[in-house]
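Notes follow the structure.
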Number of protein chains: 2
Amino acid sequence: MKQETDGLTAEAALFHALSDPSRLLIVRHLVLGEHRVVDLTAHLGLAQSTVSKHLACLKDCGLVTSRPEGRASMWSLNHSDELLEVLGTAERLLDLTAVSPGHHYEDHHG
Amino acid sequence: MKQETDGLTAEAALFHALSDPSRLLIVRHLVLGEHRVVDLTAHLGLAQSTVSKHLACLKDCGLVTSRPEGRASMWSLNHSDELLEVLGTAERLLDLTAVSPGHHYEDHHG
DNA sequence: ACCTAGCATCGTCGGGTGGCGATGAAGCAG
DNA sequence: CTGCTTCATCGCCACCCGACGATGCTAGGT
């Protein structure tokens, strides 16, 4: 029998990982390639401990991976294709949602 | 100019709306069609106030809409196609994530 | 008019979470 | 070895959030 509840929780956890602006910023930055914690720290303007915690959160969901390189850790996305598809579809959904009130819809759908 | 920060916050809010098992369950139930609050209440086993709050949350993100019908409110999904695409891609991402790297398990849930 | 059904909202409470600084381990430079 | 850098973890704090019950409103039934 299929564990709907379990899958639901896992899916909720995945979305939770993406439900924070800082983490989204981290993900978008990792799209560009591997980055160290200190790089993300400088880019986000957050404390190093905060960034590490965010990375741990993303790692728990399997979205990112850390590769040790000397004293540093190189972080990168795990399944960037699917992840970007999720983000892209979400943005499209936002575009559809963000229609200004009072603005009437034009009936040509592309 | 484009407010990246604002879009980020909106996207985070969208994912936040999907980051709760109860809300995911509501969405999946609304896929089947319109439903009243009391129906969802019975289906989820949650208090009516809780369900109303979840629906308000989903409504704030533009994911659902309420249509007044008598004393009741019929709730339905807004952009079910794109929303289902987001959920589907997320599940696919979970499938990829659930596999430990280096160890290819033969047991796939299904 | 009166009661019931359905719903949104408010107040509350316990747990979860993001933010920070401090600490300690691990690796590079001298 | 000493010192510096980088990072993960811990403790703390403020805030957010999901859960509930209670309240009040509206619509339909009698």
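The chains referred to below are lettered A, B, ... by the order of the sequence lines, with proteins before strands, and numbering in each begins at 1.
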**Message:** Please confirm whether the shortest side-chain N or O distance from A:His16 to OP1 or OP2 of C:dG16 is below 4.0 Å.
**Reply:** no
**Prompt:** Got B:Leu18 and B:Leu63 here, is their nearest side-chain heavy-atom distance under 4.5 Å?
**Reply:** yes
**Message:** By nearest atom, which of the nucleotides C:dA8, D:dC7, C:dG19 is closest to the B:Gln48 side chain?
**Reply:** C:dA8
**Message:** Does any part of the side chain of B:Leu24, heavy atoms only, come nearer than 4.5 Å to the side chain of B:Leu87, both counted from C-beta?
**Reply:** yes
**Message:** Is the phosphate of C:dA8 approached by B:Trp75 (side-chain N or O, under 4.0 Å from OP1 or OP2)?
**Reply:** yes
Just the table, please: protein N/O against nucleotides 3-6 of chain D N/O, every pair under 3.5 Å.
from	atom 1	to	atom 2	distance (Å)
D:dT5	O4'	A:Arg71	NH1	3.2

**Item:** Within residues 79-91 of chain B or reaching into it, pairs that qualify as side-chain hydrogen bond (donor to acceptor under 3.5 Å, both in side chains) - sequence neighbours excluded
**Value:** B:Arg28-B:Glu91
**Asked** Think B:Ser49 has a side-chain N or O under 4.0 angstrom from the OP1 or OP2 of D:dA22?
**Response** no
**Request:** Check every strand shown and say whether B:Leu46 touches a base, only sugar-phosphate, or nothing at a heavy-atom separation below 4.0 Å.
**Result:** sugar-phosphate
**Asked** Just how far, in rounded Å, is P of C:dG19 from CG of A:Asp20?
**Response** 5 Å
**Asked** In whole angstroms, how far is the P atom of D:dC7 from the NE2 atom of A:His35?
**Response** 12 Å
**Asked** What distance separates B:Glu34 CD from B:Leu77 CG, expressed to the nearest 0.5 Å?
**Response** 10.0 Å
**Prompt:** Hey, are the side chains of A:Leu55 and A:Leu40 touching, using non-hydrogen atoms and a 4.5 Å cut-off?
**Reply:** yes
**Request:** May I have the distance from B:Asp39 (atom CG) to C:dC7 (atom P), rounded to whole angstrom?
**Result:** 7 Å
**Message:** Without decimals, in angstroms, what is the distance between A:Leu44 CG and C:dC20 P?
**Reply:** 10 Å
**Fill in**
Of the candidates D:dC20, D:dT9, C:dG19, the side chain of A:Ser52 sits closest to D:dT9
**Prompt:** Less than 3.5 Å between a donor and an acceptor, one on the side chain of B:Thr50 and one on the base of D:dG18, is that the case here?
**Reply:** no
**Request:** Please state whether the phosphate of C:dT17, meaning OP1 or OP2, lies under 4.0 angstrom from any side-chain nitrogen or oxygen of A:His54.
**Result:** no
**Donor-acceptor contact below 3.5 Å, side chain A:Arg23 vs main chain A:His16** = yes
**Asked** D:dC16 P sits how many Å from B:Phe15 CZ, rounded?
**Response** 22 Å
**Request:** May I have the distance from B:Glu34 (atom CD) to C:dG6 (atom C1'), rounded to whole angstrom?
**Result:** 16 Å
**Between C:dA8 (P) and B:Met74 (CE): distance, integer Å** = 12 Å
**Asked** Is the A:His29 ring parallel, tilted or perpendicular to the A:His35 ring (thresholds 30°, 60°)?
**Response** tilted
**Distance in angstrom units between B:Lys59 NZ and C:dA8 P, rounded** = 8 Å
